[in-house]
There are 2 protein chains.
Amino acid sequence: MEEARGIQYGDRREAPIGVFDSGVGGLTVVREILHQLPAERITYFGDTARVPYGSKSRETIIRYSRQIIRFLMTRGVKAIVVACNTASAYALEELRPQVEVPIIGVVKPGAKMAAAVTRNGKIGVIGTEGTISSGIYTSFLKDLRPDMQVLGKACPLFVPLAEEGWLEGEVPMLVARSYLEELCHSGIDTLILGCTHYPLLRPAIAEVMGPEVTLVNPAYETAVSLQNLLQEQGLRSPGIHKGTGPLCEFFVSDAADWFNRFAGRILPAGITNTRQIPIEEY
Amino acid sequence: MEEARGIQYGDRREAPIGVFDSGVGGLTVVREILHQLPAERITYFGDTARVPYGSKSRETIIRYSRQIIRFLMTRGVKAIVVACNTASAYALEELRPQVEVPIIGVVKPGAKMAAAVTRNGKIGVIGTEGTISSGIYTSFLKDLRPDMQVLGKACPLFVPLAEEGWLEGEVPMLVARSYLEELCHSGIDTLILGCTHYPLLRPAIAEVMGPEVTLVNPAYETAVSLQNLLQEQGLRSPGIHKGTGPLCEFFVSDAADWFNRFAGRILPAGITNTRQIPIEEY
(Lines give C-alpha, C1' and ligand atoms only; values in the text may rest on other atoms or scores of the structure.)
Protein backbone atom coordinates (compact mmCIF):
# COMPACT_ATOMS: atom_id res chain seq x y z
CA MET A 1 0.00 0.00 0.00
CA GLU A 2 1.30 3.40 -1.01
CA GLU A 3 2.41 5.46 1.93
CA ALA A 4 2.81 9.21 1.97
CA ARG A 5 3.31 10.14 5.59
CA GLY A 6 2.49 13.74 6.25
CA ILE A 7 3.27 13.32 9.93
CA GLN A 8 6.04 11.25 11.49
CA TYR A 9 6.65 10.59 15.15
CA GLY A 10 10.21 10.34 16.46
CA ASP A 11 9.03 7.91 19.11
CA ARG A 12 6.62 5.50 17.36
CA ARG A 13 4.97 4.79 20.68
CA GLU A 14 3.68 8.35 20.74
CA ALA A 15 1.96 8.03 17.38
CA PRO A 16 -1.84 7.87 17.35
CA ILE A 17 -4.06 4.83 16.83
CA GLY A 18 -6.08 5.12 13.64
CA VAL A 19 -9.74 4.17 14.03
CA PHE A 20 -12.30 4.20 11.22
CA ASP A 21 -15.95 3.50 10.63
CA SER A 22 -18.57 4.21 7.99
CA GLY A 23 -19.85 7.09 10.10
CA VAL A 24 -20.39 7.92 13.72
CA GLY A 25 -21.01 4.38 15.02
CA GLY A 26 -17.30 3.73 15.51
CA LEU A 27 -17.26 6.39 18.22
CA THR A 28 -18.69 3.70 20.52
CA VAL A 29 -15.34 1.92 19.98
CA VAL A 30 -13.38 5.15 20.53
CA ARG A 31 -15.26 5.62 23.81
CA GLU A 32 -14.08 2.20 24.96
CA ILE A 33 -10.45 2.76 23.85
CA LEU A 34 -10.33 6.13 25.64
CA HIS A 35 -11.64 4.43 28.74
CA GLN A 36 -9.23 1.47 28.72
CA LEU A 37 -6.19 3.20 27.17
CA PRO A 38 -6.34 6.80 28.38
CA ALA A 39 -2.73 7.60 27.44
CA GLU A 40 -3.17 6.84 23.74
CA ARG A 41 -3.78 9.37 20.97
CA ILE A 42 -6.57 8.59 18.49
CA THR A 43 -7.02 9.67 14.88
CA TYR A 44 -10.58 8.88 13.84
CA PHE A 45 -12.06 8.85 10.36
CA GLY A 46 -15.84 8.59 9.78
CA ASP A 47 -16.93 8.09 6.16
CA THR A 48 -20.04 10.22 6.59
CA ALA A 49 -20.32 10.98 2.86
CA ARG A 50 -20.63 7.29 1.96
CA VAL A 51 -22.42 5.89 5.01
CA PRO A 52 -24.02 3.30 5.29
CA TYR A 53 -21.65 0.46 4.41
CA GLY A 54 -24.03 -2.33 5.46
CA SER A 55 -25.92 -2.68 2.20
CA LYS A 56 -22.99 -2.11 -0.15
CA SER A 57 -20.98 -4.75 -2.00
CA ARG A 58 -17.75 -6.37 -0.80
CA GLU A 59 -15.75 -4.76 -3.64
CA THR A 60 -17.00 -1.27 -2.80
CA ILE A 61 -16.25 -1.71 0.92
CA ILE A 62 -12.72 -2.93 0.14
CA ARG A 63 -12.13 0.08 -2.16
CA TYR A 64 -13.40 2.52 0.48
CA SER A 65 -11.38 0.86 3.28
CA ARG A 66 -8.22 1.00 1.17
CA GLN A 67 -8.64 4.76 0.66
CA ILE A 68 -9.23 5.30 4.37
CA ILE A 69 -6.17 3.27 5.39
CA ARG A 70 -4.07 5.31 2.94
CA PHE A 71 -5.37 8.47 4.57
CA LEU A 72 -4.70 7.21 8.12
CA MET A 73 -1.14 6.28 7.13
CA THR A 74 -0.54 9.91 6.12
CA ARG A 75 -1.39 10.81 9.72
CA GLY A 76 1.43 8.58 10.95
CA VAL A 77 -0.70 6.09 12.87
CA LYS A 78 1.06 3.22 14.67
CA ALA A 79 -1.90 0.80 14.49
CA ILE A 80 -5.34 0.66 12.90
CA VAL A 81 -8.69 -0.41 14.37
CA VAL A 82 -11.39 -1.19 11.82
CA ALA A 83 -14.28 -0.09 14.03
CA CYS A 84 -16.92 -1.12 11.51
CA ASN A 85 -18.27 -4.64 11.47
CA THR A 86 -19.05 -4.60 7.75
CA ALA A 87 -15.53 -3.42 6.85
CA SER A 88 -14.04 -5.90 9.33
CA ALA A 89 -16.07 -8.67 7.68
CA TYR A 90 -15.32 -7.77 4.06
CA ALA A 91 -12.01 -5.92 3.96
CA LEU A 92 -9.79 -6.80 6.94
CA GLU A 93 -8.19 -10.04 5.73
CA GLU A 94 -7.95 -8.68 2.18
CA LEU A 95 -6.11 -5.53 3.26
CA ARG A 96 -3.99 -6.83 6.15
CA PRO A 97 -1.04 -7.93 3.93
CA GLN A 98 -0.86 -4.44 2.41
CA VAL A 99 -0.78 -2.52 5.68
CA GLU A 100 2.55 -2.14 7.41
CA VAL A 101 1.21 -1.38 10.87
CA PRO A 102 -0.77 -3.80 13.07
CA ILE A 103 -4.46 -3.80 12.17
CA ILE A 104 -7.43 -5.31 14.04
CA GLY A 105 -11.15 -5.44 13.50
CA VAL A 106 -14.12 -5.72 15.85
CA VAL A 107 -15.46 -9.10 14.73
CA LYS A 108 -12.86 -11.46 16.19
CA PRO A 109 -12.87 -9.75 19.62
CA GLY A 110 -16.70 -9.77 19.60
CA ALA A 111 -16.78 -13.48 18.78
CA LYS A 112 -14.20 -14.23 21.48
CA MET A 113 -16.19 -12.42 24.14
CA ALA A 114 -19.46 -14.10 23.14
CA ALA A 115 -17.80 -17.52 23.28
CA ALA A 116 -16.58 -16.69 26.78
CA VAL A 117 -19.97 -15.67 28.16
CA THR A 118 -22.35 -18.19 26.57
CA ARG A 119 -23.49 -20.98 28.85
CA ASN A 120 -25.50 -23.08 26.40
CA GLY A 121 -23.42 -22.50 23.23
CA LYS A 122 -26.30 -20.85 21.37
CA ILE A 123 -25.38 -17.39 20.15
CA GLY A 124 -27.30 -14.83 18.15
CA VAL A 125 -25.64 -12.18 15.98
CA ILE A 126 -27.34 -9.04 14.71
CA GLY A 127 -25.69 -6.74 12.17
CA THR A 128 -25.93 -5.21 8.73
CA GLU A 129 -26.83 -7.25 5.68
CA GLY A 130 -23.15 -7.31 4.70
CA THR A 131 -21.91 -8.56 8.07
CA ILE A 132 -24.59 -11.22 8.42
CA SER A 133 -24.39 -12.51 4.85
CA SER A 134 -20.58 -12.75 5.10
CA GLY A 135 -21.04 -15.41 7.82
CA ILE A 136 -17.87 -14.15 9.50
CA TYR A 137 -19.14 -14.26 13.10
CA THR A 138 -20.29 -17.86 12.62
CA SER A 139 -16.94 -18.78 11.20
CA PHE A 140 -14.95 -17.25 14.11
CA LEU A 141 -17.33 -18.71 16.71
CA LYS A 142 -17.04 -22.21 15.24
CA ASP A 143 -13.25 -21.88 15.20
CA LEU A 144 -13.43 -21.26 18.94
CA ARG A 145 -15.93 -24.02 19.63
CA PRO A 146 -17.05 -26.25 16.75
CA ASP A 147 -20.36 -27.27 18.37
CA MET A 148 -21.51 -23.65 18.70
CA GLN A 149 -24.96 -22.88 17.27
CA VAL A 150 -25.07 -19.45 15.68
CA LEU A 151 -28.14 -17.59 14.45
CA GLY A 152 -27.68 -14.41 12.41
CA LYS A 153 -30.23 -11.71 11.67
CA ALA A 154 -29.73 -8.55 9.59
CA CYS A 155 -31.41 -5.46 11.07
CA PRO A 156 -30.83 -2.78 8.39
CA LEU A 157 -33.18 -0.21 9.89
CA PHE A 158 -31.26 0.00 13.18
CA VAL A 159 -28.53 2.19 11.63
CA PRO A 160 -30.83 4.93 10.30
CA LEU A 161 -32.85 4.77 13.54
CA ALA A 162 -29.70 5.30 15.61
CA GLU A 163 -28.36 8.00 13.26
CA GLU A 164 -31.64 9.84 13.56
CA GLY A 165 -31.33 9.65 17.33
CA TRP A 166 -34.64 7.77 17.51
CA LEU A 167 -33.37 5.61 20.37
CA GLU A 168 -36.44 5.10 22.52
CA GLY A 169 -40.20 5.01 22.37
CA GLU A 170 -42.70 3.06 20.32
CA VAL A 171 -40.89 3.05 16.95
CA PRO A 172 -37.52 1.52 17.99
CA MET A 173 -39.41 -0.94 20.23
CA LEU A 174 -41.63 -2.10 17.38
CA VAL A 175 -38.73 -2.29 14.92
CA ALA A 176 -36.66 -4.23 17.47
CA ARG A 177 -39.56 -6.57 18.13
CA SER A 178 -40.09 -7.19 14.40
CA TYR A 179 -36.42 -8.01 13.81
CA LEU A 180 -35.74 -9.95 17.00
CA GLU A 181 -38.92 -11.98 17.51
CA GLU A 182 -37.46 -15.10 15.91
CA LEU A 183 -34.25 -14.84 17.98
CA CYS A 184 -36.30 -14.43 21.17
CA HIS A 185 -37.77 -17.89 20.73
CA SER A 186 -34.60 -19.58 19.50
CA GLY A 187 -33.04 -20.49 22.85
CA ILE A 188 -29.93 -18.28 22.47
CA ASP A 189 -28.45 -17.02 25.75
CA THR A 190 -26.05 -14.48 24.18
CA LEU A 191 -26.57 -11.84 21.50
CA ILE A 192 -23.70 -10.07 19.74
CA LEU A 193 -24.39 -6.43 18.83
CA GLY A 194 -22.54 -6.87 15.54
CA CYS A 195 -22.73 -3.27 14.34
CA THR A 196 -21.17 -0.30 16.12
CA HIS A 197 -24.43 1.64 16.00
CA TYR A 198 -26.41 -0.99 17.89
CA PRO A 199 -25.11 -0.23 21.40
CA LEU A 200 -27.00 3.07 21.03
CA LEU A 201 -30.23 1.03 20.78
CA ARG A 202 -29.26 -1.24 23.66
CA PRO A 203 -32.26 -0.35 25.90
CA ALA A 204 -34.82 -1.37 23.21
CA ILE A 205 -32.84 -4.50 22.25
CA ALA A 206 -32.45 -5.51 25.91
CA GLU A 207 -36.13 -5.05 26.62
CA VAL A 208 -37.16 -7.20 23.66
CA MET A 209 -34.59 -9.95 24.38
CA GLY A 210 -35.31 -10.09 28.12
CA PRO A 211 -32.97 -10.57 31.10
CA GLU A 212 -31.97 -14.15 30.20
CA VAL A 213 -29.98 -13.04 27.16
CA THR A 214 -26.55 -11.43 27.62
CA LEU A 215 -25.83 -8.63 25.13
CA VAL A 216 -22.24 -8.52 23.91
CA ASN A 217 -20.78 -5.24 22.66
CA PRO A 218 -17.57 -6.08 20.73
CA ALA A 219 -16.15 -2.61 21.51
CA TYR A 220 -15.07 -3.66 25.01
CA GLU A 221 -13.09 -6.70 23.87
CA THR A 222 -11.70 -4.78 20.89
CA ALA A 223 -10.05 -2.31 23.28
CA VAL A 224 -8.66 -5.26 25.30
CA SER A 225 -7.24 -6.85 22.12
CA LEU A 226 -5.78 -3.52 21.05
CA GLN A 227 -4.06 -3.15 24.42
CA ASN A 228 -2.52 -6.64 24.12
CA LEU A 229 -1.41 -5.99 20.57
CA LEU A 230 0.31 -2.70 21.44
CA GLN A 231 1.97 -4.37 24.43
CA GLU A 232 3.30 -7.27 22.31
CA GLN A 233 4.69 -4.92 19.68
CA GLY A 234 6.21 -2.51 22.19
CA LEU A 235 3.92 0.25 20.95
CA ARG A 236 2.15 1.30 24.16
CA SER A 237 2.27 5.05 24.66
CA PRO A 238 4.79 6.11 27.34
CA GLY A 239 2.09 8.50 28.46
CA ILE A 240 4.16 11.67 28.14
CA HIS A 241 2.69 13.91 25.47
CA LYS A 242 5.27 16.27 24.08
CA GLY A 243 2.90 18.45 22.15
CA THR A 244 3.26 16.62 18.81
CA GLY A 245 -0.48 16.99 18.30
CA PRO A 246 -3.84 16.75 20.02
CA LEU A 247 -4.86 13.65 21.97
CA CYS A 248 -7.75 12.94 19.63
CA GLU A 249 -8.36 14.21 16.13
CA PHE A 250 -11.42 13.58 14.02
CA PHE A 251 -11.86 13.55 10.24
CA VAL A 252 -14.97 12.98 8.14
CA SER A 253 -15.78 12.87 4.43
CA ASP A 254 -18.89 15.08 4.68
CA ALA A 255 -19.77 18.23 6.66
CA ALA A 256 -18.34 18.20 10.17
CA ASP A 257 -21.11 19.96 12.10
CA TRP A 258 -23.61 17.10 12.16
CA PHE A 259 -20.81 14.72 13.20
CA ASN A 260 -19.81 17.06 16.03
CA ARG A 261 -23.37 17.20 17.32
CA PHE A 262 -23.78 13.42 17.22
CA ALA A 263 -20.38 12.78 18.81
CA GLY A 264 -21.55 14.68 21.88
CA ARG A 265 -24.07 11.92 22.52
CA ILE A 266 -21.41 9.20 22.51
CA LEU A 267 -18.14 10.62 23.79
CA PRO A 268 -17.67 12.01 27.28
CA ALA A 269 -16.20 15.29 26.03
CA GLY A 270 -17.59 17.35 23.17
CA ILE A 271 -15.78 17.54 19.81
CA THR A 272 -15.27 20.74 17.89
CA ASN A 273 -12.11 20.16 15.87
CA THR A 274 -13.47 17.77 13.22
CA ARG A 275 -12.10 18.35 9.72
CA GLN A 276 -13.59 17.32 6.37
CA ILE A 277 -11.20 15.65 3.89
CA PRO A 278 -11.68 14.52 0.25
CA ILE A 279 -11.37 10.79 0.93
CA GLU A 280 -11.94 9.89 -2.75
CA GLU A 281 -8.53 11.36 -3.54
CA TYR A 282 -6.63 8.89 -1.34
CA MET B 1 -18.30 21.34 -17.76
CA GLU B 2 -15.84 19.00 -19.38
CA GLU B 3 -17.43 16.83 -22.00
CA ALA B 4 -16.02 13.58 -23.32
CA ARG B 5 -18.75 12.04 -25.44
CA GLY B 6 -18.28 8.35 -25.86
CA ILE B 7 -21.48 8.10 -27.88
CA GLN B 8 -22.84 10.58 -30.40
CA TYR B 9 -26.15 10.47 -32.18
CA GLY B 10 -26.39 11.71 -35.78
CA ASP B 11 -29.97 12.80 -35.15
CA ARG B 12 -29.93 14.49 -31.72
CA ARG B 13 -33.63 13.71 -31.32
CA GLU B 14 -32.77 10.03 -31.12
CA ALA B 15 -30.37 10.50 -28.22
CA PRO B 16 -31.45 9.28 -24.78
CA ILE B 17 -32.71 11.32 -21.85
CA GLY B 18 -30.34 11.12 -18.90
CA VAL B 19 -32.05 10.52 -15.56
CA PHE B 20 -30.27 10.27 -12.23
CA ASP B 21 -31.01 9.70 -8.59
CA SER B 22 -29.14 8.78 -5.42
CA GLY B 23 -30.34 5.21 -5.82
CA VAL B 24 -33.43 3.36 -6.96
CA GLY B 25 -36.02 5.99 -6.00
CA GLY B 26 -35.65 7.80 -9.32
CA LEU B 27 -37.10 4.77 -11.08
CA THR B 28 -40.52 6.08 -10.00
CA VAL B 29 -39.74 9.03 -12.31
CA VAL B 30 -38.51 6.71 -15.09
CA ARG B 31 -41.78 4.80 -14.79
CA GLU B 32 -43.72 8.02 -15.41
CA ILE B 33 -41.50 9.11 -18.34
CA LEU B 34 -41.84 5.70 -20.01
CA HIS B 35 -45.59 5.98 -19.59
CA GLN B 36 -45.95 9.52 -20.96
CA LEU B 37 -43.10 9.46 -23.52
CA PRO B 38 -42.92 5.88 -24.78
CA ALA B 39 -40.78 6.71 -27.81
CA GLU B 40 -37.87 8.14 -25.80
CA ARG B 41 -34.69 6.33 -24.84
CA ILE B 42 -33.54 6.62 -21.23
CA THR B 43 -30.05 6.38 -19.70
CA TYR B 44 -30.41 6.03 -15.95
CA PHE B 45 -27.76 6.39 -13.30
CA GLY B 46 -28.40 5.40 -9.64
CA ASP B 47 -25.66 6.35 -7.18
CA THR B 48 -26.14 3.20 -5.10
CA ALA B 49 -22.62 3.34 -3.62
CA ARG B 50 -23.25 6.76 -2.08
CA VAL B 51 -26.96 6.62 -1.28
CA PRO B 52 -28.60 8.27 0.68
CA TYR B 53 -28.18 11.92 -0.36
CA GLY B 54 -30.78 13.30 2.04
CA SER B 55 -28.53 13.73 5.07
CA LYS B 56 -25.42 14.89 3.20
CA SER B 57 -24.18 18.45 2.80
CA ARG B 58 -24.92 20.77 -0.11
CA GLU B 59 -21.24 20.77 -1.21
CA THR B 60 -21.08 16.97 -1.30
CA ILE B 61 -24.35 16.71 -3.28
CA ILE B 62 -23.10 19.28 -5.80
CA ARG B 63 -19.81 17.36 -6.22
CA TYR B 64 -21.63 14.05 -6.71
CA SER B 65 -24.14 15.58 -9.14
CA ARG B 66 -21.33 17.14 -11.18
CA GLN B 67 -19.64 13.73 -11.57
CA ILE B 68 -22.91 12.10 -12.61
CA ILE B 69 -23.69 14.78 -15.19
CA ARG B 70 -20.19 14.33 -16.65
CA PHE B 71 -20.87 10.61 -16.92
CA LEU B 72 -24.29 11.11 -18.53
CA MET B 73 -22.74 13.47 -21.09
CA THR B 74 -20.37 10.68 -22.17
CA ARG B 75 -23.49 8.68 -23.03
CA GLY B 76 -24.58 11.42 -25.44
CA VAL B 77 -27.79 12.40 -23.63
CA LYS B 78 -29.93 15.17 -25.15
CA ALA B 79 -31.47 16.31 -21.84
CA ILE B 80 -31.07 15.56 -18.14
CA VAL B 81 -33.70 14.94 -15.48
CA VAL B 82 -32.47 15.29 -11.89
CA ALA B 83 -34.85 12.71 -10.46
CA CYS B 84 -33.73 13.29 -6.88
CA ASN B 85 -35.35 15.97 -4.77
CA THR B 86 -32.23 16.57 -2.67
CA ALA B 87 -30.02 17.01 -5.75
CA SER B 88 -32.71 19.18 -7.39
CA ALA B 89 -32.81 21.32 -4.24
CA TYR B 90 -29.06 21.69 -3.75
CA ALA B 91 -27.37 21.27 -7.13
CA LEU B 92 -29.71 22.12 -10.01
CA GLU B 93 -29.34 25.91 -10.13
CA GLU B 94 -25.64 25.66 -9.33
CA LEU B 95 -24.94 23.25 -12.20
CA ARG B 96 -27.38 24.49 -14.85
CA PRO B 97 -24.98 27.10 -16.32
CA GLN B 98 -22.33 24.41 -16.80
CA VAL B 99 -24.52 21.91 -18.61
CA GLU B 100 -24.98 22.36 -22.32
CA VAL B 101 -28.15 20.29 -22.65
CA PRO B 102 -31.54 21.20 -21.12
CA ILE B 103 -31.78 20.08 -17.50
CA ILE B 104 -34.82 19.90 -15.21
CA GLY B 105 -35.44 18.77 -11.67
CA VAL B 106 -38.46 17.37 -9.87
CA VAL B 107 -39.06 20.18 -7.37
CA LYS B 108 -40.46 22.90 -9.65
CA PRO B 109 -42.91 20.51 -11.37
CA GLY B 110 -43.97 19.14 -7.96
CA ALA B 111 -44.61 22.64 -6.64
CA LYS B 112 -46.55 23.58 -9.79
CA MET B 113 -48.83 20.59 -9.49
CA ALA B 114 -49.46 21.13 -5.78
CA ALA B 115 -50.34 24.78 -6.44
CA ALA B 116 -52.82 23.62 -9.08
CA VAL B 117 -54.64 21.12 -6.87
CA THR B 118 -54.80 22.89 -3.49
CA ARG B 119 -58.15 24.42 -2.62
CA ASN B 120 -57.29 26.18 0.63
CA GLY B 121 -53.69 27.20 -0.14
CA LYS B 122 -52.24 25.12 2.71
CA ILE B 123 -49.66 22.66 1.46
CA GLY B 124 -47.49 20.14 3.29
CA VAL B 125 -44.14 18.92 1.98
CA ILE B 126 -42.36 15.80 3.17
CA GLY B 127 -38.81 14.95 2.09
CA THR B 128 -35.27 14.35 3.23
CA GLU B 129 -33.55 16.63 5.72
CA GLY B 130 -31.66 18.25 2.84
CA THR B 131 -34.76 19.00 0.77
CA ILE B 132 -36.78 20.33 3.70
CA SER B 133 -34.02 22.44 5.22
CA SER B 134 -33.27 23.98 1.80
CA GLY B 135 -36.77 25.51 1.85
CA ILE B 136 -36.91 25.12 -1.92
CA TYR B 137 -40.52 23.88 -2.17
CA THR B 138 -41.70 26.79 -0.03
CA SER B 139 -39.81 29.20 -2.23
CA PHE B 140 -41.29 27.84 -5.50
CA LEU B 141 -44.80 27.65 -4.02
CA LYS B 142 -44.66 31.25 -2.80
CA ASP B 143 -43.44 32.34 -6.25
CA LEU B 144 -46.60 30.81 -7.68
CA ARG B 145 -48.91 32.20 -5.02
CA PRO B 146 -47.46 34.49 -2.35
CA ASP B 147 -50.20 33.81 0.23
CA MET B 148 -49.53 30.07 0.21
CA GLN B 149 -48.95 28.47 3.61
CA VAL B 150 -46.33 25.72 3.44
CA LEU B 151 -45.42 23.24 6.16
CA GLY B 152 -42.34 21.06 5.71
CA LYS B 153 -41.43 17.88 7.55
CA ALA B 154 -38.31 15.76 7.12
CA CYS B 155 -38.98 12.01 7.25
CA PRO B 156 -35.47 10.47 7.07
CA LEU B 157 -36.54 6.94 7.94
CA PHE B 158 -38.84 6.63 4.92
CA VAL B 159 -35.90 6.04 2.53
CA PRO B 160 -34.38 3.08 4.40
CA LEU B 161 -37.88 1.69 4.97
CA ALA B 162 -38.64 1.83 1.24
CA GLU B 163 -35.20 0.48 0.27
CA GLU B 164 -35.72 -2.44 2.60
CA GLY B 165 -39.06 -3.09 0.93
CA TRP B 166 -40.83 -2.64 4.28
CA LEU B 167 -43.81 -0.97 2.61
CA GLU B 168 -46.76 -2.16 4.63
CA GLY B 169 -47.72 -3.41 8.06
CA GLU B 170 -47.31 -2.05 11.55
CA VAL B 171 -43.82 -0.56 11.25
CA PRO B 172 -44.34 1.78 8.26
CA MET B 173 -47.76 2.74 9.67
CA LEU B 174 -46.26 3.67 13.04
CA VAL B 175 -43.32 5.52 11.47
CA ALA B 176 -45.71 7.39 9.13
CA ARG B 177 -47.96 8.27 12.05
CA SER B 178 -45.01 9.57 14.11
CA TYR B 179 -43.75 11.78 11.30
CA LEU B 180 -47.09 12.98 9.96
CA GLU B 181 -49.18 13.51 13.10
CA GLU B 182 -48.47 17.23 13.21
CA LEU B 183 -49.30 17.65 9.50
CA CYS B 184 -52.57 15.74 10.00
CA HIS B 185 -53.84 18.43 12.35
CA SER B 186 -52.48 21.40 10.45
CA GLY B 187 -55.34 21.96 8.01
CA ILE B 188 -53.32 21.22 4.83
CA ASP B 189 -55.36 19.81 1.93
CA THR B 190 -52.38 18.81 -0.23
CA LEU B 191 -49.19 16.91 0.59
CA ILE B 192 -46.18 16.80 -1.74
CA LEU B 193 -44.25 13.52 -1.69
CA GLY B 194 -40.96 15.39 -1.97
CA CYS B 195 -38.66 12.39 -2.27
CA THR B 196 -38.72 9.86 -5.09
CA HIS B 197 -38.84 6.95 -2.63
CA TYR B 198 -42.01 8.12 -0.95
CA PRO B 199 -44.50 7.05 -3.64
CA LEU B 200 -43.52 3.49 -2.65
CA LEU B 201 -44.93 4.19 0.83
CA ARG B 202 -48.05 5.86 -0.55
CA PRO B 203 -50.55 3.42 1.03
CA ALA B 204 -49.26 4.07 4.57
CA ILE B 205 -48.99 7.83 3.98
CA ALA B 206 -52.48 7.98 2.48
CA GLU B 207 -54.00 6.05 5.36
CA VAL B 208 -52.42 8.34 7.96
CA MET B 209 -53.33 11.56 6.11
CA GLY B 210 -56.92 10.50 5.34
CA PRO B 211 -59.07 11.05 2.24
CA GLU B 212 -59.27 14.84 2.60
CA VAL B 213 -55.61 15.33 1.73
CA THR B 214 -54.46 15.03 -1.90
CA LEU B 215 -51.05 13.39 -2.28
CA VAL B 216 -48.92 14.92 -5.04
CA ASN B 217 -46.21 12.80 -6.68
CA PRO B 218 -43.90 15.22 -8.57
CA ALA B 219 -42.95 12.43 -11.03
CA TYR B 220 -46.14 12.91 -13.04
CA GLU B 221 -45.67 16.63 -13.59
CA THR B 222 -41.92 16.16 -14.17
CA ALA B 223 -42.70 13.95 -17.17
CA VAL B 224 -45.17 16.61 -18.43
CA SER B 225 -42.50 19.34 -18.06
CA LEU B 226 -39.95 17.16 -19.82
CA GLN B 227 -42.33 16.61 -22.71
CA ASN B 228 -42.89 20.38 -23.06
CA LEU B 229 -39.18 21.09 -22.86
CA LEU B 230 -38.28 18.55 -25.56
CA GLN B 231 -41.08 19.92 -27.75
CA GLU B 232 -39.88 23.52 -27.39
CA GLN B 233 -36.29 22.60 -28.22
CA GLY B 234 -37.23 20.36 -31.15
CA LEU B 235 -35.78 17.35 -29.34
CA ARG B 236 -38.77 14.97 -29.27
CA SER B 237 -37.83 11.53 -30.53
CA PRO B 238 -39.15 10.84 -34.05
CA GLY B 239 -40.05 7.42 -32.72
CA ILE B 240 -38.03 5.44 -35.23
CA HIS B 241 -35.26 3.54 -33.49
CA LYS B 242 -32.45 2.70 -35.86
CA GLY B 243 -30.63 0.34 -33.57
CA THR B 244 -28.20 2.91 -32.13
CA GLY B 245 -28.66 1.35 -28.72
CA PRO B 246 -31.19 -0.07 -26.31
CA LEU B 247 -34.33 1.86 -25.37
CA CYS B 248 -33.32 2.00 -21.72
CA GLU B 249 -29.92 1.51 -20.15
CA PHE B 250 -29.12 1.47 -16.45
CA PHE B 251 -25.90 2.28 -14.62
CA VAL B 252 -25.11 2.18 -10.91
CA SER B 253 -22.08 2.90 -8.73
CA ASP B 254 -22.37 -0.28 -6.62
CA ALA B 255 -23.24 -3.91 -7.39
CA ALA B 256 -25.97 -4.24 -10.01
CA ASP B 257 -27.82 -7.31 -8.75
CA TRP B 258 -29.63 -5.66 -5.83
CA PHE B 259 -30.62 -2.77 -8.11
CA ASN B 260 -32.01 -5.20 -10.68
CA ARG B 261 -34.13 -6.93 -8.04
CA PHE B 262 -35.49 -3.68 -6.69
CA ALA B 263 -36.19 -2.26 -10.16
CA GLY B 264 -38.56 -5.15 -10.79
CA ARG B 265 -40.84 -3.75 -8.09
CA ILE B 266 -41.07 -0.34 -9.75
CA LEU B 267 -40.77 -0.73 -13.51
CA PRO B 268 -43.25 -2.68 -15.62
CA ALA B 269 -40.53 -4.79 -17.27
CA GLY B 270 -37.63 -6.40 -15.44
CA ILE B 271 -34.07 -5.10 -15.83
CA THR B 272 -31.06 -7.33 -16.35
CA ASN B 273 -28.58 -5.13 -18.24
CA THR B 274 -27.48 -2.84 -15.40
CA ARG B 275 -23.77 -1.98 -15.42
CA GLN B 276 -21.59 -0.76 -12.56
CA ILE B 277 -19.31 2.20 -13.29
CA PRO B 278 -16.61 3.95 -11.19
CA ILE B 279 -18.47 7.25 -10.77
CA GLU B 280 -15.70 8.76 -8.63
CA GLU B 281 -13.50 8.87 -11.73
CA TYR B 282 -15.80 11.24 -13.64
Side-chain angles (χ1 to χ4, degrees), chain A residues 22-24 47-64 67 90 128-130 133 154-166 169-179 181 197 252-259 261-262 276-282, chain B residues 22-24 47-64 67 90 128-130 133 154-166 169-179 181 197 252-259 261-262 276-282:
Chain A
S22 60
V24 297
D47 201 356
T48 50
R50 305 187 292 197
V51 69
Y53 279 11
S55 49
K56 281 156 197 166
S57 70
R58 184 169 181 275
E59 289 62 38
T60 292
I61 299 307
I62 290 173
R63 195 169 78 247
Y64 288 179
Q67 290 171 336
Y90 280 153
T128 65
E129 283 167 69
S133 71
C155 307
L157 223 63
F158 278 175
V159 171
L161 263 176
E163 296 238 335
E164 228 210 310
W166 210 340
E170 264 189 303
V171 171
M173 278 303 296
L174 185 61
V175 172
R177 208 163 272 136
S178 304
Y179 280 137
E181 196 168 18
H197 283 80
V252 288
S253 49
D254 197 4
D257 49 350
W258 180 84
F259 181 85
R261 275 202 306 281
F262 202 97
Q276 184 179 346
I277 56 129
I279 193 65
E280 295 166 18
E281 292 169 16
Y282 283 85
Chain B
S22 61
V24 297
D47 201 357
T48 51
R50 304 188 293 196
V51 70
Y53 279 11
S55 50
K56 282 156 197 166
S57 69
R58 184 170 181 273
E59 289 62 38
T60 292
I61 299 307
I62 290 173
R63 194 170 78 248
Y64 288 178
Q67 290 171 336
Y90 279 153
T128 65
E129 283 166 71
S133 70
C155 307
L157 223 62
F158 279 175
V159 170
L161 264 175
E163 295 237 336
E164 228 210 312
W166 211 342
E170 265 189 302
V171 172
M173 278 304 294
L174 184 62
V175 172
R177 207 164 275 136
S178 304
Y179 280 136
E181 196 168 19
H197 283 82
V252 289
S253 49
D254 196 6
D257 49 351
W258 180 84
F259 181 85
R261 276 202 306 282
F262 202 98
Q276 185 179 346
I277 57 130
I279 193 65
E280 294 166 18
E281 292 168 17
Y282 283 86

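Quick note on labels: first sequence line is chain A, next is B, and so on, each numbered from 1. Worth knowing before you read on, the calculation uses all heavy atoms, side chains too, and leaves out hydrogens, waters and symmetry mates.
- Within the 3.5 Å criterion, the main-chain N or O of A/S57 finds a donor-acceptor partner in the side chain of B/D254.
- Applying the ring pair (Phe, Tyr, Trp, His ring centres under 6.0 Å) test to A/Y53 and every residue at least two apart in sequence or in another chain returns A/Y64.
- With a 4.5 angstrom heavy-atom cutoff, A/E163 does not touch chain B via any of its atoms.
- Pairing each heavy atom of B/F259 with each of B/G23, the nearest pair is CE1-O, 4.1 Å.
- Ionic pairing of A/E129 and A/K56 is not present here: no N-O contact between side-chain nitrogen and carboxylate oxygen is shorter than 4.0 angstrom.
- We find that B/E280 and A/R50 are joined by a salt bridge, their nearest charged nitrogen and carboxylate oxygen being less than 4.0 Å apart.
- Checking side-chain atoms of B/S253 against main-chain N and O of B/T48 turns up a donor-acceptor pair under 3.5 Å.
- Contacts of A/I61 with chain B are absent, with no heavy-atom separation under 4.5 Å from either backbone or side chain.
- Heavy atoms of B/Q67 lying under 4.5 Å from chain A belong exclusively to its side chain.
- Shown here are the ring pair (Phe, Tyr, Trp, His ring centres under 6.0 Å) partners of A/Y179, two or more places apart in sequence or in another chain: A/F158, B/W166.
- Only the side chain of B/Q276 has a heavy atom closer than 4.5 Å to any heavy atom of chain A.
- Options A/A255, A/A49, A/P160 differ in how many heavy-atom pairs under 4.5 Å they form with chain B, and the most are formed by A/A49.
- At a 4.5 Å heavy-atom cutoff, A/R58 makes no contact with chain B through either its backbone or its side chain.
- Of all the listed residues (A/V175, A/V171, A/V159), the one sharing the greatest number of non-hydrogen pairs under 4.5 Å with chain B is A/V171.
- Using a 4.5 Å cut-off between heavy atoms, B/R177 makes no contact with chain A at all.
- Interface residue A/E170: backbone and side-chain heavy atoms are both found under 4.5 Å from chain B.
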